[in-house]
Every structure is written in C-alpha cells, then in structure tokens.
Amino acid sequence: MTSKKVKVATVSLAGCFGCHMSFLDLDERLVDLVEHVQFDRSPLTDIEHCSDDCDIGLIEGGVCNSENVHVLREFRKNCKILVAVGACAINGGLPAMRNHISLEDCLNEAYMDGIGIENPQIPNDIELPLLLDKVYPLHEVVKIDYFLPGCPPSADVFWAFLTDLLAGREPELPYELIHFD
Amino acid sequence: MHNYILQIAQENDFQSTRLLKILHAIQKRYFYIPDNAIEVLAEQLQLPRTHIQNVVAFYSFFHTQSSGKYTILISDSITDLMLGKSDLMSYFEQKLKVDIGSVRADGLVSLNNTSCTGMCDQGPAGLVNGYALTHLTKPRIDQIVNYVNRETPLAQWDSDLFRVDDNIVKPDLLLNEKPLHGHAITSTLTRGLSETLAEIELSGLRGRGGAGYTTAWKWKFCREENATQRYIICNADEGEPGTFKDRVLLNSYADSVFEGMTVAAAIVGATQGFLYLRGEYVHLLDKLEAVLEARRVSNLLGSNILQNGFDFDIEICLGAGAYICGEESALIESLEGKAGIPRNRPPYPVTQGYLGKPTVVNNVETYVAAANIAVHGGAWFADKGTSKSKGTKILSISGDCKARGIYEYAFGTTVKTILADCGAIDVLGVQVGGPSGVFISNDEFERKIAFEDLATGGSFIIFNHTRSILDVVHNFSHFFAHESCGFCTPCRVGTSLLKKQVDKIVEGHGSAGDIVALEELCQVIKNYSHCGLGQTAANPVLSSLERYPEIYQAMLKKISYEPGFDLDKSLETARRMANRDDAAAHLAQVEN
Ligand SMILES: Cc1cc2nc3c(=O)[nH]c(=O)nc-3n(C[C@H](O)[C@H](O)[C@H](O)COP(=O)(O)O)c2cc1C
Ligand code: SF4
Ligand code: SF4
C-alpha cells in the first residue's frame, strides 16, 4: 500500500441512511481503515463537495429527484471508482415502490387530497428539487463500477470490498456475504 | 350467473383439470372472468380461489375486467410488422377511437397487441374474440369497425375476413400422402406393435417440435414404464413466431395427426390422448371436433378400435395465449388446469407426465410422419434426408419472398435452394427456427436444414436488404420479455432487462459499456434460466452481435455513458404540477 491515503467519498441519495449505519458497524475496524483512508465529501465529514481526486465513491440510495442526479454526476466526475451500495442504489429499492403509481397520483395524495391536509398545494419553491417520474437505480443514470448487494450490505461486505480494493485486488464477495436466505 | 357456472362445472364433471375449458366458456359468455364466477368455481371444483386467480392472471387471453364485447388483438410478429402492421394499427386506433391497450369508453371494444398468431403467410393478422383475422388492410379494417359499431354478431361478419388459406407451395413425402382413415392403424395391428415400433426406429424419425429427440425411443421408454395408465399428447401449441405448418396439418391432415396418436397409443398402451391446441387456432376447433366424431363413428377411436380390443380416445384442450405452454412440461401443467410453468426435468414426461403418469408428448408433424411410416415402413422415410436427419421437414416460409407458405424439403436441403424456390431476392439474412433459433447472414446460404446444421421447428423468416437487423432483435427481445412465464429470476428479470438494454441501444442512447453489459446479461439469461425459453431468449442478440458487430457499434455514442431514458422528460410531470420552468427545473441528458 502506498503511503498516500486513499480518498473515499460517500453520500445517501434516495436511501434511509441504513447503509451508512451499517458502514459504521465496522466499529473498531474503522480505526484500521482510517490508517489508509481519508474521508472526503461524506455525512461523516460534512465536506460539501467532492475534491476532484477522489478514489472511491460509495453511494447509498437510488435517484428520485433532480438533485440526486446532480450529486450523482458530481461523484461520477470526481471519483475514479463509483460503487452502488445497497438495494436502493442497485434496484431503486423501497423508494421505487412508488414506481407503480403515477407521480401525479403520488403528489396529489401527499399534497392535495390526502387525509388531514390543510392548505393543499404542490410545493413549488425553486429551491426544491423536482421529483423524477420514477425512482431509478444508479446505473441507469451514470456508469457504475461495482455493486454491493444487501439491505443494507453488512459491515463485513464493506470490509471485504474495501480491503480488496486497497490491496489492489479485484474485489470479490464470498458467497456467505451475499446470500440472504 | 351462479347457475351458469354450476352448469359449466357440472358439464366438466367438476374436474379441476378442465379449468381452462371452463374459463374459456365463462369468458365467452361474460367477455371476462368475473370475481364471483371465480368464487363459485372455487367452491364447485374444490380449488383455492387463489389457484383460479393465478390461472386467470397467467394466461394472456383471460381477463378479470371486461375487455369489451369485441376484443381485437393484432399480431406483433415481426412478419406482420414487415407487412405494414404499425400503420394499420394506428389506422385501427383512429377508426375505432380507442387507444392501444385499452377499452373504448362505451365498453364495447378493446384493441391490443398479441404475440404471433401463426398467420405469417397471410398477415397482417389478428384475432377478434379469439377468431383469426387475416390479410388486414385499411378497407378490411373499415369493414370491421362498421361491424363493431353496429354490434353485428361475429357469425354475421363477412366470412372472407376469417379466411385462412393453407398455402401449400411445395409438398413432398408427407404432404403428398392423403389423410389416413385407419390404414396406419390396421398396418400397425397387422404388422405387430413391436414390429411397428421397430419400423419407426428404422425410419430415424426425430421430433419435429424443435428438440429433435428420437421418437421411437420416447415411445419405447413410455411403453416400458411400469404403470396402469399412460397418455398420448399432441403438442399443437405452435407459438414460435414464424411457424404455421401445424395449423395447416390440422386443417387438412387432421386424420393423419389423430391416426399417428392412435398408433402411438396402441404401441405404448395408452387409452387417453389430448390435443393441446393453441388458443389462437380456435377457428379450427369445431372442425377438429367433427373429425374426432367421424373417427368415433368409424370405430377408429373409442372402445375396441377396429374390433381389435384396444380403447383410445382424444380430447381437445384449448390454450389461452401463452407461448411457454409449447414447452412440454408447461403444456402438461396447463392440461392439468394450472398455470403453464415448466417442471423440473428429469423426470421427463415419459416417466412422469400428465397426472404423474408416463406420457408421450410429440409435435403435430411428428405424428403425421409416424402414421405414414406405420403404413409405408421405415425405409420409405429413411430414404430421404441425411444420415443424421432422416426424412423431410415441413417449413413455414414467410417474410420477404414471392410465395409465402408451406414447403416440405428432404433434410439436407440448402438455404440457397429454398430461397430460390420461394422467390426471395436481395436477401440480407434468414431467421431459422424463429426467435429462439438463429439469424444467418447471406454468407451462410450453403448451410443445410438438418439437426446437425440448422435445426428448426419449421420457422423460416426471410429478410431483404431493406430490413434492419436491430428492428428484428428489438421485436424478438420484446417477444421473450412478454412471454417469460416469470417462474425463475434469470429469465423473468433478465428478459426485461435485455429488452430495456436493446431499446437503449436501438434508440441511440448506448455507449461502449452498454454492449459489454448486454453481452454479460445474455450469458446470465442463457446459462441460468430454468427452461428452454430463457435459455434461448438471448439468441437474437447473441447471433446478431456475432455476425454484425458493426451495426451495433454504429449505434453507439462516442461518450462514456448516457442514460437510456429521457432525463429531462422524466421531470415533466413534476414541472407541470409545480408550475415551474426555471433552469433548475430541467436536466441535461449528458453532463457538460
Ligand atoms: C419455450 C418452448 C416452446 C416450445 N413450443 C413448442 C411448440 O409450440 N410445439 C412443439 O411441438 N414443441 C414445442 N416445444 C418443444 C417441446 O417441449 C417438446 O420438445 C416437443 O413437443 C416434443 O415433441 P417432438 O419430439 O415431436 O418434437 C417448445 C419448447 C420450448 C422450450
Ligand atoms: S438499501 Fe436498505 S439500508 Fe440501504 S438505503 Fe436502501 S433501505 Fe436503507
Ligand atoms: S426460463 Fe423463463 S419461461 Fe422458463 S421457467 Fe424460467 S421464467 Fe419461465
């Protein structure tokens, strides 16, 4: 391993932060990890934008709105290796359950006709990102290099994947880590 | 309604195996399968309600909501598209005033697409309430629209709309024989059962449905199973786009088909047979029932056939629009009144088939060949063909040629000869064996129709240079995604992803990585699918990628990646509802 630390950026798009929590389950192994890794843009650091020489981007959650698209593109542009982390990033996951309902119906139910709504109106502040018609998996919006399955992937999955990458090996997840029944 | 359902259930002896037949009857009367009909039926047939719901949902010809008094389906076969289907479909939509895939506001009529209806030589084709419509043109559509709007009963429609021709262009060994009325049965009984089986083995006859298993062995294994009951099934599901020869055999050689089944029954010791007829061929049903009845009257079916002490009868079962039911174990499931989901094999049907009993499943053409071999002997048949593929093969020829129709050739005939015979010029390539077969380019026309070279169930679709390979691949990928039975993930999810990936490239959103992803996906589907459908679903992509990589390359953008859908358009609903059109309310397709 080189002395220069590997830069890792992480973000949660349309996800629940469960994947990040699972990452934190690395517990004391995190101490080993930061020997070799420096966190760039991430909820763990509060750095707002990726520096342009990130090595690995870990992305949780799918793409549900225009802001997600911009963030995802920022990661793609600045990270050498982009990783879809968890079911939501890979398939759209739970948020994609709305894909069976038209966006129009979703918005009407949430902001116009739902039970107990006062002052019904569709939010239209230009600060707010607009919703896409569907929730898309990451690889349908940008090129993704690796996929870590699981909801969330276990800490062992993160560990196996990152230690492989750090050691310059092609990452491989043993069967025990990716079978769920 | 309650009484009607009761009556139908009773007519079918409350047999759950007759579920499809019962559902067809209910739908014929109510134009859909009402919820309370399912309720009553569940009680009468002693089946869980969910079982019946599952069956109704599985078959594309059954609906749980009214699809109108007139349900019009237009064939989406590539051959129909080549004959101008798309234009006609828009015309239909406009004239009927109904959107594709929906029911008109007055509830009278619905319009939709359906997989190949087996009329590739006389398309564009379709179905109205299941009955085949052929040679569709704008004037004929006007005629149909008039009938619909006036609510004219189908029986009073111009019969020419339903005209189905045989179009036998080149008969040979089998098609030159007259339909058999007992001759094969008497020959079999006179010669002896084992001796006749030996003749069939000598003939080298292999199954004509695609897989090409030696027929005599199948019969022998079934015969040798220790069982009290055995069954004979004729596979007339003919769903492979581009095939229609079984339709012609059933129309004009039905006696030979039934005779072949009867010979098989005598040899293996079966007393009950089934003809599984695809739903699209319901127009043949009455005629086939009449043939069966005439054979019963002549004592060629029934008990003590030709006073020789053996009993055998045949029942016709109608499918309901599921290509997968051509796969023999799915077909058996369907015959048992279930969704057509392929079984694990082994055990093969010869050991555990219909109701778990030894069962012979053969293609229509296989029975016709077997019956004639029983009459003329094995050498008569084995004389033709190649050393590994004996006899002749009946081809259904469609696409770009002068004379579409039925051609019978000795195995070993080259593609070149066939193309010359049917008047095909300026040929780009031929799809041999339907979407699950292979696309051969014009460098390969010396290749032969034979199990050892181009194996085929009979579909032979010709494309000239005005056609685009990618259109063909696009159509076939959609076909498989639609017909996947959904049982196993590699095929259910895989064929949908494949369709999406092909669409992405065809629509011009692809870049280099997408071809790699496409190939990987093909390998997963091919290698991990449960049955033949999934295992062959990637063939159109694989065989075209191998032959025409440059056509794919030409579609690719010289960027590293682009989404396969229109990003900005996907914001449209939100933009409209939020009443916004500022810069932040838009997305560029590719990042600058
Ligand atoms: C997806 C699929 C569809 C099939 N469709 C048909 C069909 O329509 N007709 C047919 O005879 N065989 C079809 N087959 C082949 C049958 O499973 C079976 O091999 C055949 O009916 C055996 O008869 P044979 O030995 O006379 O060919 C199909 C197979 C698969 C996997
Ligand atoms: S994959 Fe599971 S844990 Fe991760 S963001 Fe989605 S729902 Fe949360
Ligand atoms: S391969 Fe396709 S058609 Fe065959 S069992 Fe699996 S899902 Fe069904």
Side-chain angles (χ1 to χ4, degrees), chain A residues 62-80 82 90-92 96 98-99 101-113 120-147 149 180-181, chain B residues 101-102 488-490 492-494 496-505 507 509-518 520-521 524 528 556-592:
Chain A
V63 183
C64 78
N65 63 24
S66 57
E67 188 204 11
N68 291 163
V69 174
H70 294 304
V71 173
L72 184 56
R73 282 177 167 168
E74 176 181 323
F75 269 71
R76 179 69 277 180
K77 201 169 179 175
N78 297 304
C79 302
K80 294 187 187 76
L82 207 55
I90 296 174
N91 295 318
R98 80 154 157 98
N99 289 0
I101 305 165
S102 77
L103 178 59
E104 177 145 17
D105 289 349
C106 289
L107 287 173
N108 281 335
E109 176 72 19
Y111 297 110
M112 304 296 287
D113 338 311
Q121 58 175 315
I122 304 284
N124 63 355
D125 193 300
I126 59 167
E127 295 281 306
L128 293 173
L130 289 179
L131 291 174
L132 298 173
D133 60 347
K134 284 187 182 144
V135 179
Y136 293 89
L138 302 185
H139 67 274
E140 290 191 10
V141 180
V142 299
K143 179 166 184 338
I144 295 292
D145 304 301
Y146 293 101
F147 300 86
F180 303 101
D181 49 5
Chain B
S102 41
C488 69
T489 313
R492 180 186 65 248
V493 177
S496 284
L497 290 177
L498 191 63
K499 167 176 108 166
K500 232 171 148 175
Q501 188 72 357
V502 167
D503 286 354
K504 180 175 183 185
I505 293 167
E507 286 161 16
H509 297 300
S511 47
D514 286 311
I515 299 287
V516 180
L518 185 69
E520 284 172 2
L521 187 55
V524 172
Y528 294 95
L556 302 182
K557 294 207 161 159
K558 303 278 175 287
I559 53 172
S560 71
Y561 188 91
E562 181 182 324
F565 62 99
D566 187 335
L567 257 179
D568 192 51
K569 200 168 157 208
S570 75
L571 287 177
E572 198 161 287
T573 307
R575 253 195 316 264
R576 172 171 51 77
M577 294 185 73
N579 201 14
R580 281 179 56 183
D581 198 21
D582 53 291
H586 289 276
L587 279 169
Q589 183 70 4
V590 186
E591 196 182 12
N592 317 314

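To find a chain, count down the sequence lines: A is the first, B the second, and so on, and within it residues start at 1. Everything quoted here is computed from the prediction, not taken from an experiment. Computed from heavy atoms alone, side chains included, the values below leave out hydrogens, waters and symmetry copies.
Within the 4.5 angstrom heavy-atom criterion, only backbone atoms of B:Q589 (N, CA, C, O) approach chain A. For B:R576, the part lying near chain A is the side chain, with the backbone staying farther off; criterion is any non-hydrogen pair under 4.5 Å. Contacts of B:K500 with chain A are made by side-chain atoms alone, with heavy-atom separations under 4.5 Å and no backbone atom involved. Proximity to chain B is limited to the side chain of A:H70, based on heavy atoms less than 4.5 angstrom apart. Neither the backbone nor the side chain of A:Y111 comes within contact range of chain B; no heavy atom of the residue lies under 4.5 Å from a heavy atom of that chain. Both the backbone and the side chain of A:V141 come within less than 4.5 Å of a heavy atom of chain B.
Atom CG of B:L567 sits about 7.0 Å away from atom CG of A:L132, to the nearest 0.5 Å. The CD1 atom of B:I559 sits 13.0 Å away from atom NZ of A:K143, with the distance rounded to the nearest 0.5 Å. The structure places NE2 of A:H139 at 6.5 Å from OH of B:Y561, a figure rounded to the nearest 0.5 Å.
B:P563 is not listed as a side-chain neighbour of A:Y136, based on a closest heavy-atom distance of 4.5 Å or more.
For the set A:I122, A:N65, A:L128, A:N108, the count of heavy-atom pairs under 4.5 angstrom toward chain B peaks at A:I122. When the candidates A:L107, A:L131, A:V142, A:D125 are compared by the number of heavy-atom contacts under 4.5 Å with chain B, A:V142 comes out ahead.
Nearest approach of B:A578 to A:N124, heavy atoms of both residues: O-CB, 3.1 Å.
For residues 579-587 of chain B, the interface with chain A (any heavy-atom pair closer than 4.5 Å) comprises B:R580, B:D582, B:A584, B:A585, B:L587, sorted by residue number.
Under a cut-off of 6.0 angstrom, the local environment of NZ in B:K569 is sparse, with at most 12 non-hydrogen atoms contributed by other residues, nucleotides or ligands. Summarising the local packing, NZ of B:K504 is surrounded by more than 12 heavy atoms from other residues, nucleotides or ligands at distances under 6.0 Å.
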Give the intermediate values and the outcome of side-chain contact (heavy atoms from CB on, under 4.5 Å) for residues A:S66 and B:L571.
CA-CA 8 Å; A:S66 57; B:L571 287 177; 4.2 Å; yes
